[in-house]
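Labels below follow one simple rule: chain letters A, B, ... track the order of the sequence lines, proteins then strands, and each chain is numbered from 1.
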Amino acid sequence: MIETLLKLINDASSKYAGPGVSLPRAAVTVPPNPAQGDFTTGIAFGLAPVLKKPPLEIAAAVAATLRDTAAGIVETIDVVKPGHINFLLRQSFWHDTLDSILEKGAGYGSSDHGGGHKVLLEYISANPTGPIHVGHGRGAVIGDVLARILASQGYEVTREYYINDAGNQVLSLGYSVLGDYYRSRHIDTAVSRPGEYQGAYIHDISSALETAMPAADINEEHIRTITEFAVSSILDGIRQVLGGFDILFDRWFSEKQLFGDGSIRRAISGLEARGAVKQEDGATWFLSTRYGDEKDRVLQKQTGELTYFASDIAYHVNKYERGYDLLINIWGADHHGYLPRVRAAMRALGYDPGRLAVLFVQMVRLTRGDKPVAMSKRAGEYVTLKDLVDEAGTDAVRFFFLQRSHESQLVFDIELAKKQSQENPVYYVQYAHARIASIFGFAAARGWPVDALKHRQDYSFSSQEKMLLSQCLLYPGLIRDIAARREPHRLTHFLVELVGILHKYYTDTRVVDSDADTEQRLLLMKTVKIVLKNALDLLGIHAPEKMEKLEENPAR
RNA sequence: GCGCCCGUAGCUCAGCGGAUAGAGCGUCGGACUUCGAAUCCGCAGGUCAUGGGUUCAAAUCCCAUCGGGCGCUCCA
């Protein structure tokens, strides 16, 4: 639909520019004031620097062509002030869009632009040393929604969680559990190293320890087994919380596997083969400065231990070798300094670093009212994702995280999230969906079943109705753009805008009335409902047929 | 000191070259005998951190400065 208009604009401008001139891509938007038209394009502004002519002159010429070529779609074309070209579209155009959306239904907004390209999306990957907290939750939601959006655009998406189950952190977890076990049973036995982790979850694991292994084996000699037990019970918890949050993975990739199958050794010798490795101070270094990093990095320590970096190189090699067209990592912003060395390693090994994209998700700061919430993982005093979801509900938490750009820090006031649960923007959007459902119920009782509505082409859409349709019309392009630019937060803003128009329309216009146009208004509601549902699905947020009171529906 | 991100309404944040800068929350005031008022309408609130520059056009791009967060481990 909109493509037709875009193509006409492109053709008209290339005709004006002449052959061989590279054109800016045409785009249309809704003008700020409905009186200015249904759509507007700024193509003349893009052409101006290329052709070295004033935008107004270009706009006039392009518009003149369009008045001819686009006559079938366009009612009037205006050229305004600095160089905007505004369109008022024919009623037939709006009827076509309505038909087209109704016909596509749940598929409206999907496309095959991804062309089946394989994308590996790795996100969260929180260390299995404790429950995941709200910061991970933010990355989880962004990753999940991006995965859904990419899949809707015809990409073949694999979702992956990388488990750091091999290093010192995890061993420290084991010691923490063992220490707690001794302490809670008043067993006075020295342990060679203190664990760093505290909190109720440590105690829960140590309590469960006896059911998992004989008491006689619970000692430092079996620290590996204890650690494995701790890791797997934490992972179970993480899986459960994420599952309840509707976040699922295709694969959980174990770091330990890379040690076991020799991948790390292979990665290091690969670097050696390219002369990118040196021995110094008893350690093995990757000469990453040669590949754009600011300093060289250790692969194997003096102690003989491999660094996390070494296994991460192997992990990324593994990803490349699995044949993905694009690797997307979602990392916490505190890891941004880490990217240059990973890129350097990939470059050194001959992999295209351009295929690796990293989204850095900025931090979430928690407050309760004005008071900041102290977050200390080691002390075990932090708000988990589970706590937050239990308090605010999955829909609200997802929506909240997706209202902000991933590269902006965000303050999450827990008090507010609880207190305003009724006014939370997510309910604003969901209410619109429920409201349309409710209208349908009412209409059906009056003899207008939604499935038997007949579209009448001579109906004349009002200005507000065209605004609803134009929002709906822009939806597929938006999704494609979000996929390309990886900005999932734009979808919530789109919904708020669409729903704002709808609510206003509802108060201004009686949908189910005695006049003959009731059926046409109901069809319009049906198309809006389709778009709402499709968008909410991509966000992983419920599209309710009926709003329920929060009190009756606690802890979703 | 170096690097990344951010500085927009009282608060939390969208907008990131183009038409009078927006939303939610918060203040205040209106609108339910009719499709759900979890809604709508109105008022108030801005030197878009500051100073330069590029451009026909800058909140948006470039440079500098100031302020905030996060990194700069043979930690993960």
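Side-chain atoms of A/Asn127 and A/Val170, non-hydrogen and from C-beta on, never get closer than 4.5 Å to each other. Taking 4.5 Å as the limit, every side-chain heavy atom of A/Leu47 sits out of range of all side-chain heavy atoms of A/Pro55.
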Would you write out the dot-bracket form of RNA chain B, 5' to 3', with Watson-Crick and G-U pairs under 3.5 Å, [ ] for crossing pairs, | for pairs to other strands and . for unpaired bases? ((((((((.[[[[.)..(...]]]]..((((.......))))......[[[[[..)....]]]]])))))))....
Please list, pair by pair, any protein nitrogen or oxygen found under 3.5 Å from a nitrogen or oxygen in nucleotides 55-61 of chain B.
none

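Listed nucleotides B/C25, B/A76, B/U39 differ in distance to A/Leu416; the shortest reach to its side chain belongs to B/C25.
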Atom pairs and distances, side-chain donor-acceptor, residues 329-342 of chain A, under 3.5 Å, sequence neighbours left out:
| unit_1 | atom_1 | unit_2 | atom_2 | d |
| --- | --- | --- | --- | --- |
| A/Asn329 | OD1 | A/Lys319 | NZ | 2.8 |
| A/Asn329 | ND2 | A/His316 | NE2 | 3.0 |

For nucleotides 1-9 of chain B, read 5' to 3', which letter fits each nucleotide if B means a protein heavy atom sits under 4.0 Å from the base, S means only the sugar-phosphate is that close, and - means neither? --BBSS---
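The shortest distance between the side-chain N/O atoms of A/Tyr428 and the OP1/OP2 oxygens of B/C40 is below 4.0 Å.
Not a single donor-acceptor pair, N or O on each side, falls under 3.5 Å between the base of B/A76 and the side chain of A/Asp334. Side-chain N/O atoms of A/Arg404 and base N/O atoms of B/U12 include a donor-acceptor pair closer than 3.5 Å.
Within residues 276-291 of chain A, the residues approaching RNA chain B are A/Asp281, A/Ala283, A/Trp285, by heavy-atom distance under 4.0 Å.
A/Tyr505 pairs by the ring-ring contact (aromatic ring centres under 6.0 Å, His included) definition with nothing, not counting sequence neighbours.
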